[in-house]
> 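Input: one structure, supplied below.
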Amino acid sequence: MNQKIVSLTFGALCVCGLSFSQVKTPKKNTTQAPDKTVSVQVDSIPDGKNLAVKEIQPVADSLNATKIEDLEFASEIDQKWLDELYGNSLFDSIYESVTDLKYDAVDYPELPTDTLKARLKILNAKTPFNIEYNESLESVIKSYLKHRRHSMERLMSLSDYYFPLFEKELDNYNIPLEIKYLAIVESALKPRAKSRVGATGLWQFMYGTGKMYGLDVSSYVDERSDPIKSTEAASKYLAKLYEIFGDWDLALAAYNSGPGNVSKAIRRSGGYENYWNIRPHLPRETAGYLPAFLATMYIFEYAEEHGFKKHKPNFRYMETDTIHVKQMITLDQVSELLELPMEELQFLNPSYKLDVIPFVEGENYTLRLPKHAVGRFVNNEASIYEFVTNELNKREKPIAQILESNSKSTYKVRSGDNLGKIARQYGVRVSDLKAWNGLRSNNLKIGQRLNVYNTKSSTTVAKSVASNSTAKSSTSNASKTYKVRSGDSLWSISKKFPGVSIQNIKEWNDISGINLKVGTTLKVSR
């Protein structure tokens with residue numbers, strides 16, 4: 001019995017050995033579908049016949065076999081939202097340059113190293129910052145000069161408006177005036193700049209820090225975007241940081257990343273207190289923060305030597321003034337009444353998120369205007385607020401009553417267009433354009449299509465103009481007229497005739513602009 005068992009065992013082992021020696025294992029294909037099989041001929045010892053054995057391939061790794069893709073439509077929505085948040089190329093480019101600052105050698109023969117060293121030594125003597133030459137700083141300065149010349153010229157033009165008000169507030173808190181260059185690194189002088197973590201305004205305050213230093217944020221107002229109030233808050237914060245660290249370089253680093261990160265970097269460096277010694281232990285963005293600040297300071301201080309040409313600014317801070325509002329008013333109403341471009345008012349009043357200046361008892365909300373318009377506003381204040389009240393009352397109706405399907409026009413945005421220009425072209429308000437098209441900001445893209453509704457009638461703007469022309473020829477002699485005199489404007493004429501608006505006069509007289517010719521006879525009634 002035992003001999004039979006041994007014989008059978010030996011026979012089985014022989015069969016297995018021969019089988020393994022004749023099996024040809026195909027090359028594995030990890031992308032092949034799991035249900036496919038490969039037939040392999042195996043010799044069989046017992047009866048000498050070949051048996052077909054099916055070898056099952058391993059299941060492919062699902063992560064390797066499947067290409068993971070985003071939904072295209074949702075991805076486009078995300079991109080539009082990101083463009084909305086960060087749609088300012090100048091601000092974005094500066095933000096990226098600080099975060100991803102490179103310190104590779106830059107070939108810029110127009111600035112020899114010896115010349116740079118001499119100029120940095122002069123700057124060091126003039127400021128409380130430690131401006132000593134090192135190769136990293138040289139790399140950043142030459143990179144900015146070589147690759148960011150156009151951006152710097154644009155910033156120099158904007159600085160003519162912002163720097164005087166910065167210097168005034170910095171001086172009030174005994175802060176070095178050179179801190180004004182920090183706003184360029186922080187926001188590229190864009191009052192409504194918003195970082196990827198939510199820091200907002202010229203000085204990039206987070207919500208909590210802004211509240212701590214008295215900056216109000218509400219549905220209508222974000223004082224982090226107010227140039228004066230945010231600069232005052234930044235001055236207070238910087239003064240406190242200098243009181244803590246006793247060094248302006250470290251105070252700036254703490255302004256960017258927080259005092260806690262600076263104190264940790266000091267510990268990790270072994271107790272060094274010089275910014276350049278603790279820089280390797282700071283967060284990546286903060287490590288590039290002071291070099292970017294010093295490079296910006298150098299370029300502004302030596303702009304003439306490097307041939308920078310500043311463009312003339314649209315405004316200077318000293319050429320503007322403020323008015324305390326006595327009731328809610330919108331910027332497009334001010335634009336219409338004072339015949340000022342909407343873009344000017346938005347530039348001068350960036351803290352009003354919806355282009356609406358609210359009125360709240362106990363709060364101090366102001367309208368900033370060019371000085372030449374301040375007198376006209378104050379002199380006609382009662383009439384202006386009466387007009388605003390009437391306009392607000394008219395707007396309190398269901399949106400369905402206004403947006404009739406046959407009153408809709410579509411406008412395709414062209415190069416050079418902006419919301420103010422389009423609104424004036426159609427005789428509507430900027431706030432209406434934004435509401436009709438779901439716009440959260442004033443940014444437009446070339447080729448974008450905008451819905452425009454004629455709120456005065458159920459016809460399109462083109463039909464309205466045509467009907468006005470017909471009505472003009474058939475108007476009875478009983479219609480009232482007015483002869484334009486020197487000093488008249490559409491607004492002043494509308495005030496002479498109760499119930500007649502600026503838009504009425506434009507429609508009844510086929511006027512597209514705001515300029516009037518002395519001696520022209522206008523219809524001021526139907």
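Note that this is a predicted model, so its numbers are computed, not measured. Here, residue 1 is the first one in the sequence, and each next residue gets the next number. The figures that follow rest on heavy atoms only: side chains count, while hydrogens, waters and symmetry mates do not.
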> State the CD-CG distance between Glu305 and Leu111, to the nearest 0.5 angstrom.
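So the CD of Glu305 and the CG of Leu111 are separated by 11.0 Å.
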> May I ask you to say whether Glu153 pairs ionically with Lys309, meaning some side-chain N is under 4.0 Å from a carboxylate O?
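Looking at Lys309 together with Glu153, the answer is no, because their closest N to O distance does not fall below 4.0 Å.
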> Please report the shortest heavy-atom distance between Ser230 and Arg224, naming the atom on each side.
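Heavy atoms only, the tightest pair is CB-O, 3.5 Å.
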> Decide whether Ser269 and Asn277 meet the rule of one side-chain donor and one side-chain acceptor closer than 3.5 Å.
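On atom types as modelled, these side chains do not qualify, holding no pair under 3.5 Å.
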> What's the spacing between Tyr162 OH and Ser157 OG if we round to 0.5 Å?
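So the gap between those two atoms works out to 13.0 Å.
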> Can a cation-pi geometry be assigned to Arg119 and Tyr298, taking NZ or CZ under 6.0 Å from the six-membered ring centre and within 45° of the ring axis?
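No; the conditions do not both hold, so Arg119 does not lie above the ring face of Tyr298.
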> Run Leu516 and Ile493 through side-chain contact (heavy atoms from CB on, under 4.5 Å) and show every step you take.
CA-CA 11 Å; Leu516 298 175; Ile493 295 171; 3.7 Å; yes
> Distance-only, no hydrogens or angles: does the Ser235 side chain make a donor-acceptor pair with backbone N or O of Thr231 under 3.5 Å?
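Such a contact is found between Ser235 side chain and Thr231 backbone.
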> Can you see which heavy atom on Met328 is nearest to which on Tyr220, and at what distance?
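Reported closest heavy-atom pair: CE-OH, 3.8 Å.
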> Above 12 or not: heavy atoms from other molecules or residues under 6.0 Å from OH of Tyr272?
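Atom OH in Tyr272 is not crowded, with 12 or fewer foreign heavy atoms closer than 6.0 Å.
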> Kindly indicate whether the side chain of Arg279, heavy atoms from C-beta on, has any atom under 4.5 Å from the side chain of Ser136.
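Side chain of Arg279 against side chain of Ser136, heavy atoms only: contact under 4.5 Å found.
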> Quick one: does Ser159's side chain have a donor or acceptor within less than 3.5 Å of a partner on Met156's backbone?
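Between the backbone of Met156 and the side chain of Ser159 there is a qualifying donor-acceptor contact (under 3.5 Å).
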> May I ask you to decide if Gly375's main-chain N or O and Asn379's side chain share a donor-acceptor pair within less than 3.5 Å?
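Side chain of Asn379 to backbone of Gly375, a donor-acceptor pair under 3.5 Å: no, none is there.
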> Run Asp247 and Asn130 through side-chain contact (heavy atoms from CB on, under 4.5 Å) and show every step you take.
CA-CA 9 Å; Asp247 179 277; Asn130 298 313; 3.6 Å; yes
> Is the NZ atom of Lys240 crowded by more than 12 outside heavy atoms at less than 6.0 Å?
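At most 12 heavy atoms, drawn from other residues, nucleotides or ligands, come within 6.0 Å of this atom.
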> Do Tyr144 side-chain atoms and Arg149 backbone N/O form a donor-acceptor pair below 3.5 Å?
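No.
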> Any salt bridge between Glu110 and Lys146, counting N to O under 4.0 Å?
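Result for this pair is no, no salt bridge flagged.
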> What I'd like to find out is whether the side chain of Leu158 reaches to under 4.5 Å of the side chain of Phe163, using heavy atoms alone.
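Leu158 does not reach Phe163 side chain to side chain.
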> I'd like to check Leu331 versus Leu367 (side-chain heavy atoms, cut-off strictly below 4.5 Å). Are they in contact?
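Heavy-atom side-chain distance check passes, below 4.5 Å.
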> Do Leu120 and Lys117 make a side-chain contact, defined as non-hydrogen atoms from C-beta onward lying under 4.5 Å apart?
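SC-SC contact between Leu120 and Lys117 ruled out.
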> Is it true that the side chains of Glu386 and Thr389 contain a donor and an acceptor less than 3.5 Å apart?
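Glu386 vs Thr389: no donor-acceptor pair found between side chains.
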> Examine distances only and state if a side-chain atom of Gln327 and a backbone atom of Val388 form a donor-acceptor pair shorter than 3.5 Å.
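The answer is no, because no donor-acceptor pair under 3.5 Å joins these two groups.
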> What's the separation between atom OH in Tyr255 and atom OH in Tyr289, rounded to the nearest 0.5 Å?
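Reported value, rounded in 0.5 Å steps: 6.5 Å.
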> Which class fits the ring pair Tyr237 and Tyr213: parallel under 30°, tilted 30 to 60°, perpendicular over 60°?
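Ring orientation, 0 to 90° scale: tilted.
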> If you round to the nearest 0.5 Å, how far is OG1 of Thr200 from NZ of Lys194?
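Between Lys194 NZ and Thr200 OG1, I get 3.5 Å after rounding to 0.5 Å.
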> With the side chain counted from C-beta on, respond yes when Leu369 and Leu345 share a heavy-atom pair under 4.5 Å apart, and no when they do not.
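Yes, at least one pair of side-chain atoms sits under 4.5 Å.
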> Could you check whether any side-chain N or O of Glu344 sits under 3.5 Å from a backbone N or O of Pro341, counting only pairs where one atom can act as donor and the other as acceptor?
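No, the answer is negative, given that no donor and acceptor are paired below the 3.5 Å cut-off.
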> Checking Phe129 against Phe293 for the ring pair (Phe, Tyr, Trp, His ring centres under 6.0 Å) test, could you report, in this order, the C-alpha distance in whole Å, the side-chain angles of both residues, the deciding distance, and whether it holds?
CA-CA 11 Å; Phe129 299 95; Phe293 167 74; 5.1 Å; yes
> Within this structure, what is the OG1-OH distance for the pair Thr113 and Tyr108, rounded to the nearest 0.5 Å?
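Answer rounded to 0.5 Å: 13.5 Å.
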> Ignoring hydrogens and angles, tell me if any N or O in the side chain of Tyr275 forms a donor-acceptor pair with the backbone of Ala287 under 3.5 Å.
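Side chain of Tyr275 to backbone of Ala287, a donor-acceptor pair under 3.5 Å: yes, one is there.
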> What's the shortest heavy-atom distance between Leu145 and His306, and which atoms?
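In terms of heavy atoms, the two residues are closest at CD1-CE1, 3.6 Å.
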> By side chain to side chain contact (heavy atoms under 4.5 Å, CB included), which residues pair with Glu363, not counting sequence neighbours?
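With neighbours one apart ignored, the set is Val360, Tyr365.
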> Do Pro176 and Leu170 have side chains that get closer than 4.5 Å, going by heavy atoms?
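Contact flag for Pro176/Leu170 side chains = no.
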> NZ of Lys168: more than 12 outside heavy atoms within 6.0 angstrom?
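12 or below, so no.
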> Can you tell me if Asn418 uses its side chain to pair, donor with acceptor, with the backbone of Lys421 under 3.5 Å?
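Checking the backbone N and O of Lys421 against the side chain of Asn418, a donor-acceptor pair under 3.5 Å is found.
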> Just do the salt bridge (charged side-chain N to carboxylate O under 4.0 Å, His left out) check on Asp160 and Arg316 with the steps written out, would you?
CA-CA 6 Å; Asp160 276 356; Arg316 295 187 187 278; 3.8 Å; yes
> Is any side-chain heavy atom of Leu419 closer than 4.5 Å to one of Leu444?
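In short, these two side chains touch, coming nearer than 4.5 Å.
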> Could you walk me through whether Tyr133 and Lys121 pass the side-chain contact (heavy atoms from CB on, under 4.5 Å) test, one step at a time?
CA-CA 8 Å; Tyr133 170 83; Lys121 188 174 182 179; over 6 Å; no
> Which of parallel (below 30°), tilted (30 to 60°) and perpendicular (above 60°) describes Tyr161 and Tyr317?
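It falls in the perpendicular class, over 60°.
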> Going by side chain to side chain contact (heavy atoms under 4.5 Å, CB included), name the residues that satisfy it together with Asn451, two or more places apart in sequence or in a different chain.
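Asn451 satisfies side chain to side chain contact (heavy atoms under 4.5 Å, CB included) with Lys408, Thr410, Asn437, Tyr453 once adjacent residues are dropped.
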> Are Lys229 and Glu232 ion-paired here, with the side-chain N under 4.0 Å from a carboxylate O?
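Judged by the 4.0 Å cut-off on N to carboxylate O distance, Lys229 and Glu232 do not form a salt bridge.
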> Test your reading of the model: is there a side-chain donor-acceptor pair from Asp171 to the backbone of Glu167, 3.5 Å cut-off?
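Absent.
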> Please give me the minimum heavy-atom distance between Ile299 and Ile141, naming the atom from each residue.
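Ile299 and Ile141 have their closest heavy atoms at CD1-O, 4.3 Å.
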> Not counting sequence neighbours, list each pair that qualifies as a ring-ring contact (aromatic ring centres under 6.0 Å, His included) and has a residue in residues 188-210.
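Output for this query lists Phe166-Trp203.
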> Restricting to non-hydrogen atoms, name the atom on Ala253 and the atom on Thr286 that form the minimum distance, rounded to 0.1 Å.
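Here Ala253 and Thr286 meet closest at O-CG2, 3.7 Å.
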> Determine whether Asn380 and Phe387 satisfy the following criterion, side-chain contact (heavy atoms from CB on, under 4.5 Å), listing intermediate values before the conclusion.
CA-CA 11 Å; Asn380 298 281; Phe387 170 82; over 6 Å; no
> Between Asp355 and Arg192, does any NZ, NE, NH1 or NH2 come within less than 4.0 Å of an OD or OE carboxylate oxygen?
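Judged by the 4.0 Å cut-off on N to carboxylate O distance, Arg192 and Asp355 do form a salt bridge.
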> Under 3.5 Å, side chain of Asn349 to main-chain N/O of Arg368, donor-acceptor pair present?
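Side chain of Asn349 to backbone of Arg368: a pair is present.
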> For residues Ala373 and Leu340, report the shortest heavy-atom separation together with the two atoms involved.
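Answer, listing the atom of Ala373 first, then Leu340: CB-CD1, 3.8 Å.
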> First locate atom CD of Glu243, then atom CG of Leu238, and finally report the distance between them rounded to the nearest 0.5 Å.
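Answer for the CD-CG pair, Glu243 versus Leu238, is 12.5 Å.
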> Assess, by modelled atom type and distance only, whether the side chains of Tyr411 and Asp417 contain a donor and an acceptor separated by less than 3.5 Å.
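Indeed, the side chains of Tyr411 and Asp417 share at least one donor-acceptor pair under 3.5 Å.
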